[in-house]
Amino acid sequence: MNYSPVLTPQSRHLFTKLLNYTHRKNIPKGKSLHAHLLKNGVFPSCPFLSNTFVNFYAKCHLFSEAHLAFVQISYKDTVSWNCLINAYSQLSLRRYSLLALELFKKMLQHHTLPNSHTFAGILSSAAMLEDSMIAHQAHSFVVKLVDSYDVFVYSSLLNVYCKLGNLNDSRKLFDEMAEKNSVTWATMISGYALHRLTKEAFCLFRMMIAGEGEGVNEFVLTSVLSAFVSPEFVDIGKQVHSFAIKTGLLSIVSVGNAVVTMYAKCESLDDAVRAFELSIAKNSITWSAMITGYAQSGNSEKALTLFKEMHFCGMKPSEYTLVGVLNACSDSDAIYEGKQVHGYLVKLGFESQLYIMTALVDMYAKCGSINYARKGFDYLLEPDLVLWTSMIGGYVQNGDNESAINLYCRMQREGIAPNELTMASVLKACSSLSALEQGKQVHTHVLKNGFSLEVPIGSALSTMYAKCGSLDDGNLIFRRMPARDVASWNAMISGLSQNGLGIAALELFEEMQLEGARPDYVTFVNVLSACSHMGLVDRGWEYFKLMSNKFDEAPRIEHYACMVDILGRAGKLYEAKEFIESAIIEHGLCLWRILLSACRNHRNYELGAYAGEKLMELGSQESSAYVLLSSIYTALGRVDDVERVRRIMNLRGISKEPGCSWIELKSQVHVFVVGDQLHPQIKEIRSRLWRLNKLMMDEECGSILEELVLN
DNA sequence: TTAGGGTTAG
C-alpha cells in the first residue's frame, strides 16, 4: 500500500522527539511517549509513526514490545517489516539472524515487496549464518529489484560472498561496482584478510591510498592490519602502522588495537608492547590483545602479570581477556592462578559462557586436573563441538584413553558430527591403547565424514596403524597423504622402529632428507632408538653428530638417553659411563637408570652398583632403580648394602608400583597386573609363557629370558 | 520525513 504521510506540526514535533529517544536508547521517555499517543488515539491511523515505534523498540532490543507494536499496525508496509528484520540482523547472532530470515519469508507470504533496505539486512544475516543458498536467492532478487548503483546492497553482497569464501565472485562484483565507498573497500580487504590472502589485501589497500587515501578510515585500517598474521608480513605491517600515525587514525582505539594484535601475531612482541604502552585510549580489547599476545608467544607469566595490572587499573575483563589469561595458565601449568581466575570469572557471571568454559576445561586438562575439566564440561548443558573436542583431547593428554573413547561414543550417540581434531584425538587414544579394532572403526568414521588424509587425520591414522602393528596399512595411509609434515614422518619412522623394522625406519629417514623435509628433535629420538634396537653403534654416533652439525638441533636428554641405550645394549658399558659423565646436560637421572639396566643385562655388577649409587645420590624417586640396585647387591653378596638401599627407599617413601600390561583381542581388552590371578585363562597363559621362555632359553636368548623372569 | 552495508581481542 502506498501511503504518503502527512504529519501535523505537532506530530512532527513528537516524531523528532522519538527519533532522538531511539538514537539515545532512552527507553523510559520513548515508552512514555508511546503511551501518551495511544491514550490520545493519535497513532494507529498513522503507519509512519507506528513504524518509527517498532524501530524504537527494536533498536532498544525490546523485541516483545517491538513485535506487539508491529502486530498492531493494520497496514504493514515494507518499512514495518524492515525495522524488525534489520534490528535482528544487526545483532550478528545466529538465532537472531535465523529470526530475520523467518520474518523475510513471512514478508513474502504477505505479498510485501522487499526493497534494498530489506536485502541489506537479509544478506548480512546470510553472511552471519554462512548460508550460501539464501545468499544466492537474495542475489537473484537483488538483480531484479535493486538499482545496480545501490552501494549498500552491493557491499552487503560482496560481504556475504567473502564470508562464504567465494573471493573470485566477490572481486568480480567489486570490480564491476559502479559506485564504491570506504565500506566497499573495507569489506573486500577484510575478505582477503579472512582467507589469508595477505598480498591481495595489501595490494587493494595500496590501490586505495594511491587515490590519495580518500575514504581510508578505521575500518579499512583494521581490516588490512588483520591480514598480517605471520613474521614475514611485519615490514608491510609497519608501513600501515606509519600510515595510521601520519593520518592521525591511530588515535582511534580500534586502530591501536589492530596494531598491537598485528605485531603480536607477527611475533614482534617488543613492537606490540611499545604500541600497547603508547595507546592513549585503551579499552578492554587493547588489554586482551596484549594479554593474548603474551600468552601465545609463550610469555605466560607476563600475560598473568598484565591481567593483574588490568584489574588494578579498574578495567573489567571481557570474555576474550579471560580466555587469553586462561590459556596463559594452561601453557605455564599455573593451576593455582587458573583456579583464581576461575573464581573471579564465576564472580563476574561468566561461567556459562561457552568459550570461557572451553578455555577452563582446556586449562584444567593441561594442568593435569582432568576431574575438574570434566566437571566444567558437565556444567554446560549444550557443549559445542569445540568443547567436546577439548574434553576428549584432555583425556588423551592425561593418558585416560578409555574415557576419551567413551566420550567420543557418547558424542556420536548424541548426533554431534566430529571435526578433524576430534578424530585425531580419538585415533591417538586408539594408538595408545593399541586398540586396532576400535581404530579401524574410527577409520570408517573418518571416511563417512568425508575427511581427507591431510594433517592431522592422515598422520594420526598412519600412526594408529603403525603403533597397532599394522605397518602395511600405516604405510598405505602415509603414502596416500597429499602432504606430510614432520610429525607424519616421525610417526612412521617410530612405527617401523618399534615393530622391529629398524633398517626400514632408517631408510625412511634417508628418504625424508631426500624429499627435503626437515627432521626435528623427535625424528632423531626415533632414528637413534632404531639404531639402538638394531645394535648399530657407529650409525648411532653418526646420527647423534648429524643432528647438531647439519640440522643445528642441540641434543636433548632424550637423545643422550638413546645414545646410552645404544652403547649399553652393545655392551660398551664403560664408554656409556664416560659419555654420561662428559654430557653437557642436567638431569642425568634417566641416563644412569639406563646404564644400570644395561649393567644388569650384561651382568657387570660392579659398574651396575656404581650407576645405582649415582641414582640414589641424585635422589631418584623411581622404585625400579632401587629394586634393581638391591638385586645387584644381592648378586654380589653385599647384604649390608642391600639393607642400606631398602632403608633409603623406606626413608624416601618409595614403594614399588605393580607393572601392568594389556592386549586387545576380538574387541575385548585383557588386562594383566603383576601377581594377579584374575584373568579367567591365567593358568593356560602362564603355562604358555613358560614354554616360550624355555624355547628362548634353548635359542640362547639368556638376557631376554632374565628380563622376562625378573619383571 | 520512519528501515540498510564494513573492523580489532578467542
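Only a predicted model underlies this, so the values are computations on that prediction, with no experimental measurement involved. Sequence lines set the chain letters: A, B, ... in the order given, protein chains first and strands last, and positions in each chain run from 1.
Between A/Leu249 atom CG and B/dT7 atom P there is a gap of 17 Å when expressed in whole angstrom units. A straight line from CD1 of A/Ile189 to P of B/dG5 spans 20 Å, rounded to a whole angstrom. The interatomic distance linking A/Asp77 (CG) with B/dT2 (P) rounds to 12 Å, in whole Å. To the nearest angstrom, P of B/dG6 lies 12 Å from CG of A/Leu157. Between the CG atom of A/Leu49 and the P atom of B/dA3 there is a distance of 12 Å, given to the nearest Å. In this structure, A/Phe15 places its CZ atom 11 Å from C1' of B/dA3, rounding to the nearest Å. Between the CG atom of A/Leu194 and the C1' atom of B/dG6 there is a distance of 13 Å, given to the nearest Å. As rounded to whole Å, 19 Å separates atom P of B/dG5 from atom CZ of A/Phe174.
At a threshold of 4.0 angstrom between heavy atoms, the contacts of A/Lys265 are confined to the sugar-phosphate backbone, with no base atom among them. Among the heavy atoms of the strands lying under 4.0 Å from A/Val183 is at least one base atom, whether or not backbone atoms are also near. When heavy atoms are screened at a 4.0 angstrom cut-off, A/Val153 is found touching base atoms of the nucleic acid. Across all strands shown, A/Asn327 has heavy atoms under 4.0 Å from sugar-phosphate atoms exclusively, and none from any base. Within the nucleic acid shown, A/Thr22 has no heavy atom closer than 4.0 Å to any nucleic acid atom. Among the heavy atoms of the strands lying under 4.0 Å from A/Thr292 are primed sugar atoms or P, OP1, OP2 only; no base atom is included. Residue A/Ser89 is classed as having no contact, given no heavy-atom separation below 4.0 Å to the nucleic acid.
With hydrogens and angles ignored, no donor-acceptor pair closer than 3.5 Å exists between the side chain of A/Ser156 and the base of B/dG5. Side chain A/Asn82 to base B/dG4: no donor-acceptor pair is found below 3.5 Å. Between the base of B/dG4 and the side chain of A/Asn115 there is no donor-acceptor pair shorter than 3.5 Å. Not a single donor-acceptor pair, N or O on each side, falls under 3.5 Å between the base of B/dG6 and the side chain of A/Ser190.
A/Thr184 and A/Thr187 share no side-chain donor-acceptor pair at under 3.5 Å. Between the side chains of A/Asn257 and A/Thr286, at least one donor-acceptor pair of N or O atoms lies under 3.5 Å. A/Ser80 and A/Asp77 are linked by a side-chain donor-acceptor pair at a separation below 3.5 angstrom, with hydrogens and angles left out of the test.
In the set B/dT2, B/dG4, B/dT7, the nucleotide with an atom closest to the side chain of A/Lys59 is B/dG4. Checking B/dG6, B/dT2, B/dA9 against every side-chain atom of A/Ala186, the shortest atom distance belongs to B/dG6. Of the candidate nucleotides B/dA9, B/dG5, B/dG4, B/dG5 has the atom lying nearest to any side-chain atom of A/Val151. Which of B/dT1, B/dG4, B/dA9 sits closest to the side chain of A/Ser116 comes down to B/dG4. Taking every side-chain heavy atom of A/Thr222 into account, B/dT7 is the closest of B/dA3, B/dG5, B/dT7. Counting only heavy atoms from C-beta on, A/Ser124 has its side chain closest to B/dG5 among B/dA9, B/dG5, B/dT8. Among the nucleotides B/dG6, B/dG4, B/dT8, the one closest to any side-chain atom of A/Asn159 is B/dG6. Of the candidates B/dG4, B/dA9, B/dT1, the closest approach to any side-chain atom of A/Phe48 belongs to B/dT1.
Inter-residue side-chain proximity for A/Tyr263 and A/Lys238 is flagged as met; some heavy-atom pair is nearer than 4.5 Å.
In this view, A/Phe205 and A/Phe243 satisfy the ring-ring contact (aromatic ring centres under 6.0 Å, His included) rule, not counting sequence neighbours.
A/Lys59 places no side-chain N or O within 3.5 Å of a backbone atom of A/His23 that could act as its donor or acceptor partner.
Under 4.0 angstrom from either OP1 or OP2 of B/dT7 there lies at least one side-chain N or O belonging to A/Lys163. Contact between the side-chain N/O atoms of A/Asn55 and the OP1/OP2 oxygens of B/dA3 is found at a separation under 4.0 Å. Taking 4.0 angstrom as the limit, A/Gln90 places none of its side-chain polar atoms (N or O) nearer than this to OP1 or OP2 of B/dA3.
In this structure, A/Lys265 is not positioned above the aromatic face of A/Phe228 in the sense of NZ or CZ being under 6.0 Å from the six-membered ring centre and within 45° of the axis.
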